[in-house]
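These notes concern the structure reproduced below.
Note that the coordinates shown come from a computational prediction; the quantities given were computed from them, not determined experimentally. Naming: A, B, ... by sequence-line order, numbering from 1 per chain.
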2 protein chains.
Amino acid sequence: METGKGKDAGRDTGGVGRRLVTLRDVAKAAGVSTATVSLVINDKKGARIGEDTRERVRAAIRRLGYRPNALAKTLSSGTSTFIGLVADGVATTPFAGQIVHGAQDEAWKQGYVLLVANTEGDEGVEKDAIAMMLEHQVRGILYSTWYHRPVEVPPSLDETDFVLVNCFGSDRTATAVVPDEVQGAFTATEMLLRRGHERIAFINTTTPSPARTGRLRGYQEALSAHAVVADEALLLDAQPDQEGGYAVAEQVLHTGATGVFCHNDRVAMGLLDALRERGVTVPGDISIVGFDNQEVISAHTRPALSTVGLPHYELGAVGVRLLLGLEDTPRDAVVRVSCPAVERDSTAELPQPRIPQTTHPRGR
Amino acid sequence: METGKGKDAGRDTGGVGRRLVTLRDVAKAAGVSTATVSLVINDKKGARIGEDTRERVRAAIRRLGYRPNALAKTLSSGTSTFIGLVADGVATTPFAGQIVHGAQDEAWKQGYVLLVANTEGDEGVEKDAIAMMLEHQVRGILYSTWYHRPVEVPPSLDETDFVLVNCFGSDRTATAVVPDEVQGAFTATEMLLRRGHERIAFINTTTPSPARTGRLRGYQEALSAHAVVADEALLLDAQPDQEGGYAVAEQVLHTGATGVFCHNDRVAMGLLDALRERGVTVPGDISIVGFDNQEVISAHTRPALSTVGLPHYELGAVGVRLLLGLEDTPRDAVVRVSCPAVERDSTAELPQPRIPQTTHPRGR
DNA sequence: TTGAAAGCGCTAACAA
DNA sequence: TTGTTAGCGCTTTCAA
């Protein structure tokens, strides 16, 4: 800290209070006006300042350890430096963190700073959070949820620009960005189809949601795209977690499926456990694909799980771009971000049919 | 939106630009001075304002839909409303989210707002993040890591108050708050001891870290507190994830341990998988305890894992309190937060010895 | 019990 | 090429 701080910066510096090197101090030190300093700092285009003066100013800035006051700048210029992000679950899920990360990276790139508020689903907290952001003059607000779902847009959001992230308006339209469930499920199913599987079971969730309907559709579209006839018997339902996957194992075995597409990685993990107990090997006997790419799980099951990723980072980033009008999308559009395939070790070529053709109810 | 916004709020409201109801507008509308309005808004103690005036002001505020400008307030009063939180991994881990949550809750309680920056370990980003926070006049900075470790304190942190969260200064002392590894491991080990186990294996991590040394010590202290003689043969090492736990299973079985304390939940999960494959039941044959309480995993293994929680939420909250001087701890102190026991289904009473006493190398 | 006025640190015309 | 001067929206003495 021999940067020259304690030198002559301290005016009010009384033990506790630190710092207080203002533009004016720099101006005085450099023997120029504050306007000049302001100009070189922001190095404004049109400004014609002598190179010598510039250098003198820069020197003074360094010498005094000057830091611009972003708040004063905002107040004066009227251009905000904040983007608000309200999330309903940064704490309880690994997913929200990715949204925050994506949003932050993009925000920084655009010269903004993220104001994050975690509501954990509490409406009161949410209202306060939005109010707080409004009072801090945010450029706009990203309203995000940790799982893809419809939401009632809080009225106070209308006081600023906003975009919904990982959710969409249930009661009205609003600009939003969500994962492409259909494409994701299509991709997952194709991971199996491409390896020769045709008898593919789909363990969907019991919970009504965009994920449930979207993934079912993606699964069906993939089958028909590959000219594989759908068999209702292959459609299973389960509670969307390890317990659900574990419980449905017997049914899966009964379908005679050679490949299974699970609603999410947790279900896949439960299924894996159950199959192991029954001596069924994966991917030897059965290939499995998950959804979400929840790393803590999918990267470490045995075998490591082939799955499809939920693009949370992208959602956050695209959210910011939409907010700032950087994406050329119509207002109130719902943009869909695709889910990438993450192929690991739970998928393999279909072995020579162990089950005679006759068991195959409806041929292809 | 019939709150009166579009009414007469719009001055500069030109389609895009919103809002601009200032203190002055309110004052004018209420027929008082700005000073008066300011006083009733913050309802200052010493201010003696007539109840009628107060009501008139409040009415005007409501009618105009006035929102105070927090930035102007900060600038004018000199009292910051921000607390910065720089984290090295909100994105990649479920843990950091809890720190954010704890910090935010406590910050709000104290009237502050959290400015979050995720660095993902990038030093450049970190430097920028701190600079950004300094420029935004933060009251102080919480510097956090996603796993407990020593850190080199970035020099620029000295320009403000700061506290280290989930980490501590490697090169110098600084106020910090970390989990109590020793107590945590002690607690975990006791979960086994209390149920009669004496032959308890400890699968530690291979990575040198406060966790490694602290947990070993806690394990040893628990044994001796219960007058159980330590057996070096029970000390195993493994890579700290599922693969590590899976790989070490054979060795664990060889020790003849009836209880196993794993360095973390992921190791426990891997071990569980391996034991299942070998037909060893948990907790029937062997009891297992993890560490971290990483919910996605621990709450859903079969059986659900008994473990010890890492107090991330608390770390964040205490961090804020330390920063604000709300905790009466000496400056530069390292405070330890304890790790709570989370007992689930992987621990059971020691069954009647299936193995003759003689196998027990050294008696108690 | 209230109002006037001087800033907080910075930007942005407008002069010079 | 640089300086002067109003503010941005709010708080805070000091007077009235």
Practice problem: Rounded to 10°, tell me the angle between the two end axes of the helix from C/dT1-D/dA16 to C/dA16-D/dT1, each built from five pairs. | Solution: 40°

Exercise. Please identify each residue that fulfils salt bridge (Lys or Arg N to Asp or Glu O under 4.0 Å) with A/R58, with sequence neighbours left out.
Key: A/E51, A/E55

Exercise. Classify the nucleic acid contact of B/G50 as base, sugar-phosphate or nothing, counting any heavy atom under 4.0 Å across all strands shown.
Key: sugar-phosphate

Quiz item: What is the distance from NZ of A/K28 to C1' of C/dG9, rounded to the nearest Å?
Solution: 13 Å

Quiz item: Expressed in angstrom and rounded to an integer, what is the separation of B/D52 atom CG from C/dT1 atom C1'?
Solution: 10 Å

Quiz item: With sequence neighbours excluded, what pairs up with A/R54 under the salt bridge (Lys or Arg N to Asp or Glu O under 4.0 Å) test?
Solution: none

Quiz prompt | Which residues share a ring pair (Phe, Tyr, Trp, His ring centres under 6.0 Å) with A/Y112, sequence neighbours left out | solution = none

Quiz item: Going 5' to 3' along nucleotides 10-16 of chain C, which nucleotides have protein heavy atoms under 4.0 Å from the base (write B), which only from the sugar-phosphate (write S), and which from neither (write -)?
Solution: BBB----

Quiz item: With nearest nucleotides of DNA chain C determined for B/T36 and B/L75 from heavy-atom distances, which residue corresponds to the more 5′ nucleotide?
Solution: B/T36

Quiz item: Between C/dT1 and B/T53, is there an OP1 or OP2 to side-chain N/O distance shorter than 4.0 Å?
Solution: no

Practice problem: Using the six-membered ring wherever Trp is involved, compare the ring planes of A/F95 and A/W146 and label them parallel, tilted or perpendicular (cut-offs 30° and 60°). | Solution: parallel

Quiz item: Under 3.5 Å, is there a donor-acceptor pair between the side chain of B/S38 and the main chain of B/T34?
Solution: no

Practice problem: Please name all residues satisfying side chain to side chain donor-acceptor pair (under 3.5 Å) with B/T36, sequence neighbours left out, ordered by chain then number. | Solution: B/S33

Quiz item: In terms of the nearest nucleotide of DNA chain C, which residue is placed more toward the 5' end: B/R48 or A/L71?
Solution: B/R48

Exercise. Kindly write out the residues that satisfy side chain to side chain donor-acceptor pair (under 3.5 Å) with B/T79, not counting sequence neighbours, or none if the list is empty.
Key: B/S77

Quiz item: Which residues pass the side chain to side chain donor-acceptor pair (under 3.5 Å) test with B/H312, sequence neighbours left out?
Solution: none

Quiz item: Tell me: CD of A/E51 to C1' of D/dT1, nearest whole Å?
Solution: 13 Å

Exercise. Could you tell me which residues satisfy salt bridge (Lys or Arg N to Asp or Glu O under 4.0 Å) with A/K44, sequence neighbours excluded, listed by chain and number?
Key: none

Practice problem: Mind calculating the distance between CG (B/D43) and P (D/dT12) to the nearest angstrom? | Solution: 14 Å

